[in-house]
Amino acid sequence: MTNDSAPAPLPEDWTRALAVVAHPDDLEFGASSAIARWTGQGKEVTELLVTRGEAGIDSLGPGECAPLRMAEQRASAAAVGAAGVEFLDFPDGTLEYGLPLRRALAEAIRRHRPEVVVSINFREHFAGGSGFNHADHRALGPALLDAVRDAANRWVFTEQLADGREPWSGVRFVAFGASPLAGHYVELSGDDLAAGVASLEAHEVYLAGLDGFDQKSFLPRAAAAAGEWAGVPLATGFEVFQV
């Protein structure tokens with residue numbers, strides 16, 4: 001974590017969130033443990049996947065890979081109590097910032113009417129890492145922030161109003177997990193973390209193709225490190241944008 005200011009608890013005085021990421025498995029690298037906490041509090045969290053993850057496993061062609069990864073995401077969402085999982089079917093690996101993506105995201109925001117939007121890091125690097133972030137993640141973040149504003153503007157994507165999608169200006173903030181610029185944290189219990197680990201392990205076929213990755217220890221190590229940063233036993237960090 002590199003944010004110089006003291007971390008603050010992420011506000012939790014809300015009831016409905018939309019978690020939006022590019023691929024199956026994205027939420028599971030930290031944010032899903034927070035989702036487990038929130039659903040345990042009675043909050044409603046719906047997961048929205050922009051792609052079906054069809055380009056994510058080298059040994060499987062897209063036609064075989066997509067249904068498998070969708071099924072793994074549904075199992076993963078169930079492990080943390082998410083209310084549902086939706087897929088937008090943009091192409092995995094070649095996601096582009098632009099009006100089609102903003103339009104689809106704004107429609108989903110108008111339809112679900114969340115108070116909070118959750119995603120994962122779109123910066124060039126992840127917290128504690130040096131590898132260059134995936135192009136889909138980097139495209140989605142700015143499009144998602146713009147779509148939150150689009151969803152609130154009656155005169156943007158007006159065809160959606162004709163379909164009954166009224167403007168929605170109720171999103172209070174957008175929180176990106178695993179960001180190197182995190183300034184907020186969610187404290188996790190052991191049960192929250194265990195649910196997060198289970199949600200990650202649901203991506204069994206995908207994880208089997210990651211050489212040297214230990215999914216059983218990854219999240220506990222990350223939660224302990226974030227907890228030390230936040231001053232609590234276990235945590236996960238978020239970069240927050242007010243909208």
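Heavy atoms only: backbone and side chains are in, while hydrogens, waters and symmetry mates are out.
By the salt bridge (Lys or Arg N to Asp or Glu O under 4.0 Å) test, E12 is found to be paired with R37, residues two or more places apart in sequence or in another chain being considered. In this structure, the salt bridge (Lys or Arg N to Asp or Glu O under 4.0 Å) partners of E201, at least two apart in sequence or on a different chain, are K216. Legend: residues meeting side chain to side chain contact (heavy atoms under 4.5 Å, CB included) with D211, ordered by chain and number and at least two apart, are absent. Under the salt bridge (Lys or Arg N to Asp or Glu O under 4.0 Å) criterion, R138 pairs with no residue at all, not counting sequence neighbours. When the side chain to side chain contact (heavy atoms under 4.5 Å, CB included) test is applied to A195, the partners found at least two apart in sequence or on another chain are A36, V80. Taking the side chain to side chain contact (heavy atoms under 4.5 Å, CB included) definition, one finds that H134 meets it with H23, D136, H137, sequence neighbours left out. Residues that satisfy the side chain to side chain contact (heavy atoms under 4.5 Å, CB included) test with S59, not counting sequence neighbours, are I57. The ring-ring contact (aromatic ring centres under 6.0 Å, His included) search around F218 returns F29, F213, not counting sequence neighbours. Contacts of R113 classified as salt bridge (Lys or Arg N to Asp or Glu O under 4.0 Å), with partners at least two apart in sequence or in another chain: none.
Counted within 6.0 Å of CZ on R16, heavy atoms from surrounding residues, nucleotides or ligands total more than 12; the atom is thus considered enclosed. Within 6.0 Å of atom CG in D163, more than 12 heavy atoms from other residues, nucleotides or ligands are found, so the atom counts as buried in its surroundings.
Between Y185 and P9, the closest side-chain pair of non-hydrogen atoms falls below 4.5 Å. Looking only at side-chain heavy atoms (C-beta outward), F173 and W14 come within less than 4.5 Å of each other. You'll find the side chain of V186 reaches within 4.5 Å of the side chain of W38, heavy atoms only. Proximity of S32 to L200: side-chain heavy atoms (C-beta onward) are nowhere separated by under 4.5 Å. Between R110 and L161 there is a side-chain heavy-atom pair separated by less than 4.5 Å.
In this structure, the separation between SG on C65 and CD on E72 is 8.5 Å, given to the nearest 0.5 Å. L99 CG to D150 CG: the interatomic distance, rounded to the nearest 0.5 Å, is 8.0 Å. From E28, atom CD reaches atom CG of L207 across 9.5 Å, with rounding to the nearest 0.5 Å. For the atom pair CZ (R165) and CD (E107), the distance works out to 4.5 Å, reported to the nearest 0.5 Å. To the nearest 0.5 Å, atom OG1 of residue T236 and atom CG of residue L193 are 9.5 Å apart. Atom CD of E47 and atom CG of L27 lie 5.0 Å apart (nearest 0.5 Å).
In terms of modelled atom types and a separation under 3.5 Å, the side chain of N133 and the main chain of N121 share a donor-acceptor contact. A distance-only check finds no donor-acceptor pair linking the side chain of E115 to the backbone of R172 [under 3.5 Å]. Judged purely by atom type and a 3.5 angstrom limit, S199 has no side-chain atom pairing as donor or acceptor with the backbone of S76. Remark: the backbone N or O of A8 is not paired with any side-chain donor or acceptor of H184 at under 3.5 angstrom.
Across every non-hydrogen atom of V85 and A77, the tightest pair is CG2-CB, 3.3 Å. G131 approaches H125 most closely through the heavy-atom pair O-ND1, 3.1 Å. Smallest separation of non-hydrogen atoms from P67 and P62: CD-O, 4.4 Å. In terms of heavy-atom proximity, A226 sits nearest to A235 at CB-O, 3.3 Å. Smallest separation of non-hydrogen atoms from V45 and A19: CG1-CB, 4.3 Å. What you find for L49 and P24 is that their closest heavy atoms are CD1-N, 3.5 Å.
Counting only residues at least two apart or on different chains, the salt bridge (Lys or Arg N to Asp or Glu O under 4.0 Å) pairs with a member in residues 82-98 are R52-D89, E86-R111. Sorted pairs that involve residues 185-194 and meet salt bridge (Lys or Arg N to Asp or Glu O under 4.0 Å), not counting sequence neighbours, are lacking altogether.
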* Asked: Step by step, would you call D146 with Y97 a side chain to side chain contact (heavy atoms under 4.5 Å, CB included)?
  -> CA-CA 10 Å; D146 287 340; Y97 177 94; 2.5 Å; yes
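Membership of the apolar cluster around W168 extends to L18, V20, L48, V50, L88, F90, L95, L101, L105, I109, V117, F122, L140, L144, L145, V148, V171, V174, F176, F241, V243, as traced through chained side-chain contacts below 4.5 Å between ILVMFWY residues.
With respect to the salt-bridge test (charged N to carboxylate O, under 4.0 angstrom), the residues D25 and R69 qualify.
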